[in-house]
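Since the structure comes first, as structure tokens, the remarks are kept for the end.
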Amino acid sequence: MKPVHSFSILLLFCLMLVEVSAQVSSTATSIGIDAKVLAPITIENTGSTPINFGTLSRSSVEGEITVTADGTRTASGGVSVLTSSDFSAAPFSVTGDNSAAFSITLPANGTVELTRSGGSEKMAVDDFLHNSTLTLSTSGAATFNVGATLTVGADQVPGEYSGSFSITVAYQ
Amino acid sequence: MKKFIISLLIVAAFVAIPVSVFAQTDFSANDNGTARARIVTPISLTNVDDLDFGSILTTVAGTVIVDPDAAGSLNALSTLTPGTSTASAEFTVEGSANATYTITLPGALTLTPELGTGVNTTVITVDPFSSNVTSGGKLSDAGTETIYIGGTLNVPATPMADNYTGTFNVTVAYN
């Protein structure tokens, strides 16, 4: 009969209304997050090998002796070298990210001295130089040497002299 | 007839999540190196006494051998005997305490006749030289050592009477 038909139509309309509202009220978006984790950069004085200037004979005139990063030794002024005495540049090894570029900071002039063992006499070490390419290999490694110039004073007191210096590497 | 009223409330909320990535990395690293040198006193040599073969009277060839020691005595192997005493040359080596060194003696030396080679053609040589420091020396705690130099004087037959003299170099070097 007629009343029954009207009720059925009304119910259908309500249900359709609800569905449309649900679709308009929500959206979803994804946000990308980017972060790169680097391997820590490290540096080590290989074998604790020092910059060794060797055995030097001093005179009444000041002199200089240079050990280069590439492993040569030269003397000038009033100091002469006992050529049979051992000498060395200091080797360092660096590890870090593959193929990464890095910088090396060596001591500034006037900041490093050697002191006589058993005494207080000093000699200045300046002009620190390295021979690094400043790039880690594809496996994240690099090695280089550090040399410097020692100033031997006039009538420098004979003896064994030693000292230390700081070196810093940093990613670029 | 019932009316169904359906209320549907959907709340969509976007919550912003702050992301702080403090990665556990070291962007720089530091190490210490050392440097060292040994300073020594230059090695030096000072002549204290000359090598003296004495006065020789001979008509036959022969040798006069002076020992490289403090006494500078005539060695028993000598075939000639000087009428006056002989003496070794004495040098003082100075340098860094306890340092080792090598000594280099001269080769054969031909003495010069006082009358000149134009007048005196006799050739007298010192060959070889000898030293009490044969395989290398070592300086004392005070950084010194005394070296004695001796040698063999070679005299030809019927040498002309004259004073025969010469100078020689000795080299010492740290090793």
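Lettering follows sequence order; numbering is per chain, from 1.
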Interatomic spacing from CD1 in B:Ile39 to CD in A:Glu160 - rounded to 0.5 Å: 9.5 Å

Path from B:Ile147 to B:Ile43 over hydrophobic side-chain contacts below 4.5 Å: yes

Leading residue by heavy atom contact count with chain B [cutoff under 4.5 Å; candidates A:Ser103, A:Gly163, A:Ser84]: A:Gly163

When A:Ala90, A:Gly159, A:Ser164 are compared by non-hydrogen pairs under 4.5 Å with chain B, the top option: A:Gly159

Proximity breakdown for A:Thr55 and chain B, heavy-atom pairs closer than 4.5 Å: both

Heavy-atom pairs under 4.5 Å with chain B, option from A:Phe102, A:Phe53, A:Phe165 with the top count: A:Phe165

Residue among A:Val146, A:Ile31, A:Ile51, A:Val79 with most heavy-atom pairs under 4.5 Å to chain B: A:Ile51

same_hphob_cluster(B:Tyr148, B:Leu51) at 4.5 Å side-chain heavy-atom cutoff: no

Any donor-acceptor pair under 3.5 Å from A:Asn45 side chain to B:Gly33 backbone: no

Distance in Å, A:Thr42 OG1 paired with B:Asn30 CG, rounded so as to fall on 0.5 Å steps: 12.0 Å

For A:Met123 against B:Ala37, the heavy-atom pair lying closest together: CE-CB, 4.4 Å

With sequence neighbours excluded, residues passing ring pair (Phe, Tyr, Trp, His ring centres under 6.0 Å) with B:Tyr101: none

Heavy-atom contact with chain B under 4.5 Å, split by part of A:Phe92: side chain

Engaged part of A:Leu82 at the chain B interface, taking heavy atoms whose separation is under 4.5 Å: side chain

Contact class of A:Val169 relative to chain B, heavy atoms under 4.5 angstrom: both

Shortest non-hydrogen contact between B:Thr34 and A:Pro50, atoms and distance: OG1-CB, 3.0 Å

Sub-4.5 Å side-chain heavy-atom contact between A:Ser57 and B:Val40: yes

Same apolar cluster: B:Ile124 and B:Leu74, side chain cutoff 4.5 Å: yes

Same apolar cluster: B:Met160 and B:Ile56, side chain cutoff 4.5 Å: yes

Nearest atoms (heavy-atom pairs only) where A:Asn52 meets B:Arg36: ND2-NH2, 3.2 Å

Which portion of A:Val67 sits near chain B, non-hydrogen atoms under 4.5 angstrom: neither

Engaged part of A:Leu114 at the chain B interface, taking heavy atoms whose separation is under 4.5 Å: side chain

Under 4.5 Å from a heavy atom of chain B, the part of A:Leu150 involved: side chain

A:Ile104 reachable from B:Phe27 in the ILVMFWY side-chain graph, under 4.5 Å edges: yes

CG (B:Asn32) with more than 12 external heavy atoms under 6.0 Å: yes

Rounded distance (nearest 0.5 Å) linking atom CZ of B:Arg38 with atom OG of A:Ser117: 11.0 Å

